[in-house]
Amino acid sequence: APDLNAFLIKQCGFLADLAASVQRDDLAAAWRREQSRLHAALMKHLWRDDHFVAVKMPEGQPVPNLSLVVHLPLVIADQLPPAVTRCLVAQLKSFLTEWGLATERVDSPLYSSDGYWRGPIWGPSTYLAVLGLRQAAEHELAADVAARFCRLCTQSGFAENFDALTGKALRDPAYLVTVILCAGGVWLAHHWIRRLGTVLYALDALVLGLFGVVGAQQALLVGLPTVRAVLLGAIVSVSGGILADILSQRRPAILQAGPP
């Protein structure tokens, strides 16, 4: 699907910038080349006339859908031709309901009000769409989409997903309660947890390795070549660790020599 290619393109740019920041110009150039190659492949194989398509591998046949997923390359709007960006923005508007962006257009024959990724509104897809709209300088529309989702959460709580037409919480409506309980537990026990530094670092390394394996496995299951699958696994594990360190207000461990 074109969204995966767009995410990889964005990650390659991030890794190139990261390599340049530590004076590894050779690696930065390599990641830029990979970024350019993926961008060319995206436009050559998945852009058809005025829209992106998902294709079934290994046949390469387009998959019929009216899915929000094929519009998420908007996250690299700053790297797409202006005409492509305009098409994506115009098409994205057709997914808007009173509560936000449905993951399958409500007039699609594949739409299902409780169809997981074939209809309900999701936080992650909404966030990616808002980021993409901001990249495309569509700030008013981005603010509107964000406001609709916030209004949805105010009405129905923070659930995993929501009915696109009624705003009803569909799955795991206890997300917010779970986060509050976990945050409270960590705050109460943080002195004890800090004493487990070595154990936590070992568990962290194990989990990051698991993320890498799972990411590569999923890539292989959808038919990506081995090299791309390994690349995706590395990106999943490394970027996850960097994001965790940044959110913890630490210098990313991957940029430090020796133990963190």
Side-chain angles (χ1 to χ4, degrees), residues 1-7 46 48 51-57 59 61-75 87-134 138 141-183 210-211 214-215 217-224 232 236 240 243:
D3 62 319
L4 174 59
N5 288 63
F7 300 152
L46 299 180
R48 308 290 171 84
H51 62 283
F52 280 111
V53 297
V55 297
K56 184 178 181 181
M57 300 299 291
E59 297 90 350
Q61 295 298 316
V63 177
N65 69 86
L66 290 172
S67 172
L68 181 66
V69 166
V70 297
H71 298 81
L72 292 182
L74 198 59
V75 296
C87 286
L88 291 177
V89 170
Q91 293 159 9
L92 196 71
K93 295 176 182 177
S94 65
F95 290 85
L96 267 178
T97 71
E98 177 185 359
W99 303 106
L101 291 168
T103 44
E104 182 82 17
R105 239 170 57 183
V106 296
D107 60 344
S108 165
L110 299 175
Y111 174 82
S112 173
S113 60
D114 193 7
Y116 216 59
W117 283 98
R118 288 190 296 109
I121 294 171
W122 286 73
S125 57
T126 299
Y127 178 70
L128 290 170
V130 169
L131 285 182
L133 289 168
R134 289 175 177 171
E138 294 284 342
L141 181 56
D144 180 38
V145 172
R148 294 185 194 212
F149 186 76
C150 290
R151 189 168 66 250
L152 172 62
C153 293
T154 300
Q155 172 189 281
S156 303
F158 197 79
E160 184 179 25
N161 54 27
F162 307 84
D163 188 303
L165 295 177
T166 67
K168 177 185 175 182
L170 296 174
R171 294 285 174 269
D172 296 323
Y175 264 28
L176 184 59
V177 175
T178 303
V179 170
I180 292 173
L181 290 176
C182 289
L210 179 63
F211 281 162
V214 171
Q217 182 185 42
Q218 292 301 310
L220 290 172
L221 287 176
V222 299
L224 286 181
L232 180 61
V236 168
L243 181 59

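Index from 1, following the sequence. These values consider heavy atoms only, across backbone and side chains, with no hydrogens, waters or symmetry-generated copies.
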For this session: Give every residue pair that meets the salt bridge (Lys or Arg N to Asp or Glu O under 4.0 Å) criterion with at least one member in residues 156-169, sequence neighbours excluded.
Result: none

Which pair of heavy atoms, one from [X] and one from [Y], lies closest together, and at what distance?
X      : Y      : value
Ala1   : Val69  : CB-CG1, 4.3 Å
Pro64  : Leu110 : O-CD1, 3.6 Å
Gly167 : Gln155 : O-NE2, 3.7 Å
Pro73  : Ala6   : CA-CB, 3.6 Å
Asn65  : Ser67  : OD1-N, 2.9 Å

Any chance you could measure [X], atom [atom1], to [Y], atom [atom2], to the nearest 0.5 Å?
X      : Y      : atom1 : atom2 : value
Cys150 : Phe158 : SG    : CZ    : 9.5 Å
His51  : Leu46  : NE2   : CG    : 10.5 Å
Glu98  : Thr166 : CD    : OG1   : 9.5 Å
Ser94  : Leu68  : OG    : CG    : 9.0 Å
Leu66  : Phe95  : CG    : CZ    : 6.5 Å

Can you find a heavy atom in the side chain of [X] that is under 4.5 Å from one in the side chain of [Y]?
X      : Y      : value
Asn161 : Thr103 : no
Arg148 : Trp99  : no
Leu96  : Asp144 : yes

Of all residues at least two apart in sequence or in a different chain, which pass the side-chain hydrogen bond (donor to acceptor under 3.5 Å, both in side chains) check with [X]?
X      : result
Arg118 : none
Arg151 : none
Gln91  : His71
Arg134 : none

Problem set entry | Full working for side-chain contact (heavy atoms from CB on, under 4.5 Å) between Val145 and Leu92 | CA-CA 11 Å; Val145 172; Leu92 196 71; 5.8 Å; no

Exercise. Would Phe162 and Cys153 satisfy side-chain contact (heavy atoms from CB on, under 4.5 Å), going step by step from the backbone distance to the final call?
Worked result: CA-CA 9 Å; Phe162 307 84; Cys153 293; 4.2 Å; yes

Show the atom names and distances, to 0.1 Å, of all donor-acceptor pairs under 3.5 Å that link a side chain in residues 119-133 to residues at least two apart or in another chain.
residue, atom, partner, partner atom, Å
Trp122, NE1, Tyr116, O, 2.9
Ser125, OG, Trp122, O, 3.2
Thr126, OG1, Trp122, O, 2.7

For this session: Assess whether side-chain contact (heavy atoms from CB on, under 4.5 Å) is satisfied between Arg48 and Val55, documenting all intermediate values.
Result: CA-CA 11 Å; Arg48 308 290 171 84; Val55 297; 4.1 Å; yes

Exercise. Taking it one step at a time, do Asp3 and Phe52 satisfy side-chain contact (heavy atoms from CB on, under 4.5 Å)?
Worked result: CA-CA 9 Å; Asp3 62 319; Phe52 280 111; over 6 Å; no

For this session: Might you confirm whether atom CZ of Phe7 has over 12 heavy atoms from other residues, nucleotides or ligands at distances under 6.0 Å?
Result: yes

